[in-house]
Peer 1: 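Below is one structure. I have some questions about it.
Excluded from the calculations below are hydrogen atoms, water molecules and symmetry mates; all remaining heavy atoms, backbone and side chain alike, are included.
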Amino acid sequence: MAEDSELWDVICNGPFVPMKTIGEPAVKVPKTRKEYNDADRQAVEKNFRAIKILVCGIGPDEYNRISACQSTKEIWEALQTAHEGTTQVKQSKIDMLTTDYELFRMKDDESI
């Protein structure tokens, strides 16, 4: 269960990027792969595992949509937009359904 939660965090928050501090005014920069320690490697692997899970669960049409994405967060956002639409599309759907509900009436030849 803990791994599933950690993978979901990677999907929602983006991949872990190991950083190091250099210089006198303390600037953080990404580590090179040679500088990774075991904890860094395990954290980076979570992104690859999450990508594998997402890619294995989709079809060829959806794969074409996400093939250029680099992180699980990008993949997830592309899939969300493709299936749910943007916030404007969602609001438009809500408005249409609300209107349909408000106009719902029983016909003369129908019974309860």
Peer 1: Output all residues satisfying side-chain hydrogen bond (donor to acceptor under 3.5 Å, both in side chains) with T32, sequence neighbours left out; order by chain, then residue number.
Peer 2: E35
Peer 1: Pairs in or reaching into residues 72-104: which pass ring-ring contact (aromatic ring centres under 6.0 Å, His included), with residues at least two apart or in two chains?
Peer 2: W8-W76
Peer 1: Testing the basics here: between S111 and M106, what is the closest heavy-atom pair and its distance to 0.1 Å?
Peer 2: C-SD, 4.4 Å
Peer 1: Can you tell me how far apart CD (Q42) and CG (N37) are? Round to the nearest 0.5 Å.
Peer 2: 9.0 Å
Peer 1: Going hydrophobic residue to hydrophobic residue with side-chain gaps under 4.5 angstrom, can you get from M19 over to F16?
Peer 2: no
Peer 1: Is any side-chain heavy atom of R105 less than 4.5 Å from a side-chain heavy atom of L103?
Peer 2: no
Peer 1: Hey, is CG on D38 packed in by over 12 heavy atoms from elsewhere, all under 6.0 Å?
Peer 2: no
Peer 1: Tell me whether the count of non-hydrogen atoms from other residues, nucleotides or ligands lying under 6.0 Å of CG in D109 goes above 12.
Peer 2: yes
Peer 1: For K52, enumerate each residue passing the salt bridge (Lys or Arg N to Asp or Glu O under 4.0 Å) test, keeping only those at least two apart in sequence or located in another chain.
Peer 2: none
Peer 1: Please check: side-chain N/O of E74 versus main-chain N/O of Q70, any donor-acceptor pairing under 3.5 Å?
Peer 2: yes
Peer 1: Report the distance from atom OG of S71 to atom CD of E77, rounding to the nearest 0.5 Å.
Peer 2: 7.5 Å
Peer 1: Measuring from atom CG of N64 to atom CD1 of I58, what distance do you get when rounded to the nearest 0.5 angstrom?
Peer 2: 9.0 Å
Peer 1: Taking the side chain as everything from C-beta on, heavy atoms only, tell me whether P15 gets closer than 4.5 Å to V44.
Peer 2: no
Peer 1: Working to the nearest 0.5 angstrom, can you tell me the gap between T72 OG1 and I66 CD1?
Peer 2: 10.5 Å
Peer 1: I'd like to check L7 versus I53 (side-chain heavy atoms, cut-off strictly below 4.5 Å). Are they in contact?
Peer 2: yes
Peer 1: Where is the tightest heavy-atom contact between R33 and R41, given as atom of each residue plus distance?
Peer 2: O-NH2, 3.9 Å
Peer 1: Taking salt bridge (Lys or Arg N to Asp or Glu O under 4.0 Å) as the definition, give me every residue that meets it alongside K28, ordered by chain and number, with sequence neighbours left out.
Peer 2: none
Peer 1: Please check if atom CD in Q88 has more than 12 non-hydrogen atoms from other residues, nucleotides or ligands closer than 6.0 Å.
Peer 2: no
Peer 1: Where do P30 and V17 come nearest, in terms of heavy atoms and distance?
Peer 2: CB-CG1, 4.1 Å
Peer 1: Would you call V27 and V29 a side-chain contact if the rule is heavy atoms closer than 4.5 Å?
Peer 2: yes
Peer 1: Among residues at least two apart in sequence or on other chains, which ones pass side-chain hydrogen bond (donor to acceptor under 3.5 Å, both in side chains) with Q91?
Peer 2: D95
Peer 1: Is there a side-chain contact between K73 and I11 in this structure, where contact means two heavy atoms from C-beta onward sitting under 4.5 Å apart?
Peer 2: no
Peer 1: Return the OG to CG distance between S92 and L97, rounded to the nearest 0.5 Å.
Peer 2: 9.5 Å
Peer 1: Restricting to pairs with a member in residues 28-74, which pass ring-ring contact (aromatic ring centres under 6.0 Å, His included), not counting sequence neighbours?
Peer 2: none
